Amino acid sequence: PRPTSSQQFTGETSKPITMAKVVLGSYATPMQARLVSDTLIEMDLNVAPFIKEKNGRYVLQVGSFSDPVKADGLVQELQGKGFNARTVNE
């Protein structure tokens with residue numbers, strides 16, 4: 001394959017980037033997830049949650065970071081406010 005323009009200048013090879021995604025909960029229905037999403041928005045936590053279906057359950061994704069330290073910081077903040085937050089690497 002042809003190198004991208006940034007690879008031509010830096011000599012880097014492309015590697016897949018693993019993202020640390022911050023997710024909350026595991027809900028049986030989208031409505032349950034929506035209720036928690038609305039609570040997060042009302043708390044003005046500077047997150048934009050969206051609902052994702054994973055294996056027949058629903059989770060709220062509230063962040064995606066290339067830097068796992070930033071993801072961990074958001075997880076700690078959310079856990080400190082009583083939310084079941086965790087990171088998922090994808």
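Everything quoted here is computed from the prediction, not taken from an experiment. Below, all heavy atoms of this structure are taken into account, side chains as well, without hydrogens, waters or symmetry copies.
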When rounded to the nearest 0.5 angstrom, what is the spacing between [atom1] in [X] and [atom2] in [Y]?
| X | Y | atom1 | atom2 | value |
| --- | --- | --- | --- | --- |
| Glu77 | Phe83 | CD | CZ | 10.0 Å |
| Asn89 | Met19 | CG | CE | 10.0 Å |
| Leu78 | Leu40 | CG | CG | 6.5 Å |
| Ile51 | Leu24 | CD1 | CG | 11.5 Å |
| Lys70 | Phe65 | NZ | CZ | 8.0 Å |
| Gln79 | Leu74 | CD | CG | 10.0 Å |

Which pair of non-hydrogen atoms, one from [X] and one from [Y], has the smallest distance, and what is that distance?
| X | Y | value |
| --- | --- | --- |
| Gln61 | Val23 | CA-CG1, 4.1 Å |
| Ser26 | Arg57 | O-NH2, 2.7 Å |
| Leu60 | Pro49 | CD2-CB, 4.4 Å |
| Ala71 | Thr87 | CB-CG2, 3.8 Å |

Is the number of heavy atoms from other residues, nucleotides or ligands within 6.0 Å of CG (Asn46) greater than 12? no
Would you say Lys54 has more than 12 foreign heavy atoms packed within less than 6.0 Å of its NZ? no
Taking [Y] as the starting point, is it possible to reach [X] by hopping between hydrophobic residues whose side chains are less than 4.5 Å apart?
| X | Y | answer |
| --- | --- | --- |
| Val88 | Val59 | yes |
| Met43 | Tyr27 | yes |
| Val36 | Val47 | yes |

Under 3.5 Å, side chain of Arg86 to main-chain N/O of Gly25, donor-acceptor pair present? yes
